[in-house]
Amino acid sequence: MPNPFFEVSGKSELLTGDLASLGGSFIPENFPHREVQIEKIVSILGSIMRDTRPSNIIIYGKTGSGKTSATRYVSRMLSEAAGSKVKVVYVNCQIFDSPYSILVEMANSFSRSTDENIPELGLPLDRIYNELMSRVNSFNRFLIVILDEIDKLVLKNGGDALYSILKTTDDTYGGKTSIIGITNDTGFQESLDARVKSRLNQESILFTPYNASELKDILNYRIKGVVRDGAIEDSAINLCAAIGAQEHGDARKAIDLLRISIEVAIRGKKGKVTDAEVYSARDKFEMDVLKEAVTTLPMQSKLVLLSAVVTQEIDSSLMVTGELYENYRSICTELGFQALTPRRISDIISELEDFGLISSSVKSMGRYGRTRIIQVMGSLESVRKYLLEDEDLSMFRGGKITRQYRFVTDPKDQQKARSEDLMQKLDDLRESVPDDH
DNA sequence: ACTCCACAGGAAAATTGGGGTA
DNA sequence: TACCCCAATTTTCCTGTGGAGT
């Protein structure tokens, strides 16, 4: 009888190694089909071994093209080879997206203990800057700053952040700071202003999308030593590779898919991974991504998304900014949140679109104005379910839904609807407790 | 051809919340 | 404690605009 505890602990006769090596943050020892790019990075950074500052690098490539892990891989090797001569700082610009937070993050990477850390808020920028400079200089070695998702910096504050970081490459006496920017936006350069562009873009490296057969090689390489020989059918690997190839050659997706397939097979007590496991893994994968995206949203974004779900449930053809906003306000009232202004909600809608949770397109409705037509991605029930997992939202009963009067063609009906809407708003006002400010 | 809706989205002001110094 | 400094976030104010109605 197979030991049931092996199954509980995630072990199985399918496995010979640790499934974690198919996880997202794992950096492998080898990058099949990325030899050219890696060699180029190595040759640029190699100047450190000759005590010369390396050029700045910009790396382009879609998600899952290996740019981030290849870069980290190379910098890890460099640290091994160059020892204390070099310091590598990795900053994800999606999380640290202001000049202040990035400089602090850079400076704090030199701290040996938390009490040396610079606070995350409150200090003048140039002081942070000077502190960073003095730390870099006293360190007196090469500093390599990896800026992942560097395009987010430009998007959010017009390149100011980038400019202040680039200053570090000049002002360091001896000029020992280099920057590696990573982006998936190929038009990234055009959005830069000239002074930043000329300083930043000294070398660029393109990570081309993997094709299906390359993905297959990668998968085969990654499962070596993890899975018992023959535990995964060839066609299942091909399927994972094919799905990854469809998504702009996304290796991360292909690997995740394979990992989940294995998990599915283990849980289902299957002896091997077949196409069927991959297909159900794909469904699970989509759900996981959706759940992760929804549950990690900031509160206000959740409220807006909830409003989008509710609005679409009422009538998907009427999903426009104005309706969404009115319903958002009702929801805020019901749940006791302070509602933000339409301008901010407009931005939040754009943010939700960036996350792929909704899609929108601006459309002119002629007499009825110009607005965004919005649609929730994924199934409404799932999104709703994940949203209501938040205990602050779980009290949501359905909310008062504002009366619809836009696009009502008959002017008489429109007039009627408008006044009814107005009545309801007055009711709402009377019901609501007056704000104390 | 002209109007005007219902917003989009840029820019600047105002608010918020943290930190330093005296 | 009082006060001013800072960056981040949100609000206020604003100009711009595609096309159905007229």
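Every chain is numbered from 1 and lettered A, B, ... according to where its sequence line falls, protein lines coming before strand lines. Small disclaimer: the values here were computed from a predicted structure and weren't measured.
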Report the distance from atom CZ of A:Phe337 to atom P of C:dT10, rounded to the nearest whole Å. 14 Å

Round to a whole Å and report the spacing from CZ of A:Phe96 to P of C:dA8. 13 Å

Distance-only polar pair, side chains of A:Gln300 and A:Tyr328, donor-acceptor under 3.5 Å: yes

How long is the line joining NZ of A:Lys363 and C1' of B:dC5, in whole Å? 15 Å

From CA spacing to verdict: side-chain contact (heavy atoms from CB on, under 4.5 Å), A:Arg259, A:Asp256: CA-CA 5 Å; A:Arg259 190 193 66 245; A:Asp256 279 345; 2.9 Å; yes

Tell whether A:Arg367 reaches the base of B:dT3 with its side chain through a donor-acceptor pair below 3.5 angstrom. yes

For the residue pair A:His248 / A:Ser65, report whether a side-chain donor-acceptor contact shorter than 3.5 Å exists. no

Could you check how far CD of A:Glu105 sits from C1' of C:dA7, rounded to whole Å? 17 Å

Between A:Arg344 (CZ) and B:dT16 (P), how many Å, whole number? 16 Å

Distance check, rounded to the nearest 0.5 Å: A:Leu258 atom CG versus A:Leu239 atom CG? 10.5 Å

Distance in angstrom units between A:Ile373 CD1 and C:dG18 C1', rounded: 13 Å

Quick note, A:Arg370 side chain, CB onward, closest among C:dG21, C:dT10, C:dG18 is C:dG18

Which is more 5' along DNA chain B, the nucleotide nearest A:Gly369 or the one nearest A:Ser350? Just name the residue. A:Gly369

Winner on side-chain proximity to A:Thr341, out of C:dT12, C:dT17, B:dG9, is C:dT12

May I ask you to test the A:Val383-A:Leu357 pair for a side-chain heavy-atom distance under 4.5 Å? no

So, does A:Ser346 get its side chain near the phosphate of B:dG9, meaning an N or O under 4.0 Å from OP1 or OP2? no

Can you measure A:Glu351 atom CD to B:dG9 atom P for me and round it to whole angstrom units? 13 Å

Rounded distance in Å - CG (A:Leu340) to P (C:dT12): 11 Å

Does A:Thr321 have a side-chain nitrogen or oxygen under 4.0 Å from the phosphate oxygens OP1 or OP2 of B:dA6? no

Would you kindly check whether a donor in the side chain of A:Arg343 faces an acceptor in the base of B:dG10, or vice versa, at under 3.5 angstrom? yes

